[in-house]
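In this text the structure is predicted, and so the values were computed from the model without any measurement.
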Number of protein chains: 4
Amino acid sequence: MWLHVDPRSPQPMYQQVVDGVKSAVAKGILQPGDKLPAVRELSMELTLNHNTVAKAYQELERAGVIEVWRGRGTFIAASKVPADVNERKNELERELERILVEAHHLQMSEDEVEEMLRQVVRRLREGRGEHA
Amino acid sequence: MWLHVDPRSPQPMYQQVVDGVKSAVAKGILQPGDKLPAVRELSMELTLNHNTVAKAYQELERAGVIEVWRGRGTFIAASKVPADVNERKNELERELERILVEAHHLQMSEDEVEEMLRQVVRRLREGRGEHA
Amino acid sequence: MWLHVDPRSPQPMYQQVVDGVKSAVAKGILQPGDKLPAVRELSMELTLNHNTVAKAYQELERAGVIEVWRGRGTFIAASKVPADVNERKNELERELERILVEAHHLQMSEDEVEEMLRQVVRRLREGRGEHA
Amino acid sequence: MWLHVDPRSPQPMYQQVVDGVKSAVAKGILQPGDKLPAVRELSMELTLNHNTVAKAYQELERAGVIEVWRGRGTFIAASKVPADVNERKNELERELERILVEAHHLQMSEDEVEEMLRQVVRRLREGRGEHA
DNA sequence: GTGGTCTAGACCACC
DNA sequence: GTGGTCTAGACCACC
């Protein structure tokens with residue numbers, strides 16, 4: 001199973017489901033058109049309540065990651081740019097700054113953070129079977 | 001004032017204070033030995049409950065960013081590596097991966113994220129008066 | 001084909017069929033006496049379950065838009081005022097008010113909504129080949 | 001009370017709360033900075049479950065209509081244009097077209113719909129104490 | 001005090 | 001079968 005949820009995490013469980021699906025899409029594990037498990041099916045696999053999974057699916061639909069076909073099921077959507085791209089890019093910038101601040105207090109230089117990012121990118125690419 | 005707090009932010013107020021102080025240290029606005037405002041003083045300036053500021057100071061002390069000298073006040077500590085560095089570096093890596101996943105859903109390439117990081121670094125360095 | 005249906009729409013599929021037929025009539029694409037495709041035929045063209053199309057036809061019959069001649073087929077009815085006109089006019093008024101409220105939150109003035117309505121009317125008239 | 005909810009309506013109750021608050025803002029009954037009742041307080045007044053009201057408040061926050069001050073309460077936000085204005089304006093246009101189609105089947109002319117809209121506008125303005 | 005999350009279980013519309 | 005809504009009631013973090 002490509003999705004796991006940790007009830008002890010400070011992150012809400014529905015958010016973990018959202019992030020897990022987004023991550024699987026980014027990694028190519030889930031492709032546009034792929035069917036997601038039904039709400040109740042996934043809730044049983046993750047031993048979550050169906051409401052929790054439903055909330056995650058609604059969030060993913062609003063984010064344009066999945067499409068709900070009424071009465072038929074839920075599918076990965078063709079990727080498209082969300083309406084609020086610029087807002088969210090600014091948000092990413094602020095998070096990067098926050099990471100740099102944290103890194104400074106761990107005595108990491110900015111170059112080391114850049115190197116860390118490159119390493120994560122490399123790992124993701126290998127996961128996808130890309131080489132370079 | 002080098003510290004601002006937004007009550008509408010999803011981030012808890014005490015966390016904003018923690019991040020604000022860490023950021024001021026990372027940017028060189030606050031230096032080891034500098035005295036921080038007293039809890040009640042800061043809570044009035046930021047119109048926060050004093051418990052909120054006290055909680056932030058406790059957090060900062062645990063993180064080794066400040067030192068509380070009972071009866072004298074609170075000071076920025078000499079920078080030192082905290083005990084749980086490796087744990088927290090792993091945490092940073094996970095956050096970088098999460099940012100890359102988000103970026104993918106904004107149609108940003110991994111190279112663009114790297115470029116964004118370099119830009120943030122450049123901005124921080126200029127703020128510190130460094131050039132290059 | 002003058003009828004399209006989107007499974008990803010929040011609107012139920014049968015409702016989309018109902019609205020599509022009503023719209024075709026309003027635009028003059030379908031005229032009184034015109035024969036509609038048989039339920040099974042239309043369900044195949046739209047790749048819908050035949051129950052879904054049957055439900056739409058029942059709705060259209062109740063609304064007085066079509067007439068079902070058992071054994072012969074389904075036809076566009078001569079236009080006549082339905083029994084519950086006043087109720088439904090009140091419903092339209094409530095929808096217009098809801099639109100004005102939404103528009104307010106998009107910073108549109110009431111005059112801009114009126115202008116938008118006039119534009120939609122103009123477009124519909126041009127579609128019908130009317131000029132003025 | 002400026003808010004009512006009808007459990008027999010086809011509209012979900014949380015949506016009725018959302019529309020009710022938006023409407024009160026559009027009519028000037030609620031002004032930026034005004035405090036909304038606490039989730040549990042409002043849920044008791046409307047004899048709804050607190051989860052239902054919480055869902056409505058979350059929707060309103062996402063729409064930028066209200067602001068949640070953590071631990072303090074919920075307030076009407078200063079009005080600002082949402083990120084997806086254009087999408088939502090297109091949505092309004094489609095709804096206006098749907099209304100014109102419905103009106104046609106009630107034997108209303110397009111001019112009569114325009115007049116109906118003007119009347120609704122007039123009523124709203126009078127409600128606000130504007131004259132003209 | 002405030003809002004947010006979660007389970008358990010019922011009920012509904014749609015396909 | 002599918003997802004969406006709702007109640008009842010517990011628990012949590014934040015202020």
Round to a whole Å and report the spacing from [atom1] of [X] to [atom2] of [N].
| X | N | atom1 | atom2 | answer |
| --- | --- | --- | --- | --- |
| A:L42 | F:dG1 | CG | C1' | 17 Å |
| A:F75 | F:dT2 | CZ | P | 11 Å |
| A:L46 | E:dC6 | CG | P | 12 Å |
| D:L36 | E:dG3 | CG | P | 9 Å |
| A:M44 | F:dG1 | CE | P | 12 Å |
| D:D6 | F:dT5 | CG | P | 17 Å |

_Residues in salt bridge (Lys or Arg N to Asp or Glu O under 4.0 Å) contact with C:E97, at least two apart in sequence or another chain_ =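 C:E97 satisfies salt bridge (Lys or Arg N to Asp or Glu O under 4.0 Å) with D:K27, D:R123 only.
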*Determine which pairs satisfy ring-ring contact (aromatic ring centres under 6.0 Å, His included) with at least one residue from residues 31-69 of chain D, sequence neighbours left out, and list them in order.*
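Listed once each, the pairs are D:W69-D:F75.
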*Among residues 57-66 of chain D, which contact DNA chain F at a heavy-atom distance under 4.0 Å?*
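Going residue by residue through residues 57-66 of chain D, none turns out to have a heavy atom under 4.0 Å of DNA chain F.
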*asked:* Within this structure, what is the CD-CG distance for the pair A:E59 and A:D19, rounded to the nearest 0.5 Å?
replied: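 That separation rounds to 9.5 Å.
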_Please encode protein proximity along nucleotides 10-15 of chain F as a string of B, S and -, counting only heavy-atom distances under 4.0 Å._
BB--BS
*Is the number of heavy atoms from other residues, nucleotides or ligands within 6.0 Å of CZ (C:R8) greater than 12?*
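For C:R8, atom CZ is not crowded (no more than 12 foreign heavy atoms under 6.0 Å).
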*Mind listing the closest non-hydrogen atom pair of A:A78 and A:P32 along with its distance?*
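Looking at all heavy atoms of both residues, the closest pair is CA-CB, 4.0 Å.
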*asked:* Give the dot-bracket line for DNA chain E from 5' end to 3' end: parentheses for intra-strand Watson-Crick or G-U pairs under 3.5 Å, square brackets for crossings, | for inter-strand pairing, dots for unpaired.
replied: ||||||||||||||.
*Is the shortest distance from a Lys or Arg side-chain nitrogen in D:R98 or D:E95 to a carboxylate oxygen in the other one below 4.0 Å?*
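No, D:R98 and D:E95 are not salt-bridged.
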Test your reading of the model: is there a side-chain donor-acceptor pair from [X] to the backbone of [Y], 3.5 Å cut-off?
| X | Y | answer |
| --- | --- | --- |
| C:Q16 | C:Q11 | yes |
| B:R88 | A:L106 | no |
| A:H105 | B:K22 | yes |

Side-chain atoms of residues 35-42 of chain A: list all donor-acceptor pairs with protein atoms under 3.5 Å, sequence neighbours left out, distances to 0.1 Å.
none

_Using the rule given for salt bridge (charged side-chain N to carboxylate O under 4.0 Å, His left out), can you reason through A:E91 versus A:R94, listing the C-alpha separation, both sets of side-chain angles and the distance that settles it, and then say yes or no?_
CA-CA 5 Å; A:E91 176 63 20; A:R94 263 173 278 131; 2.7 Å; yes
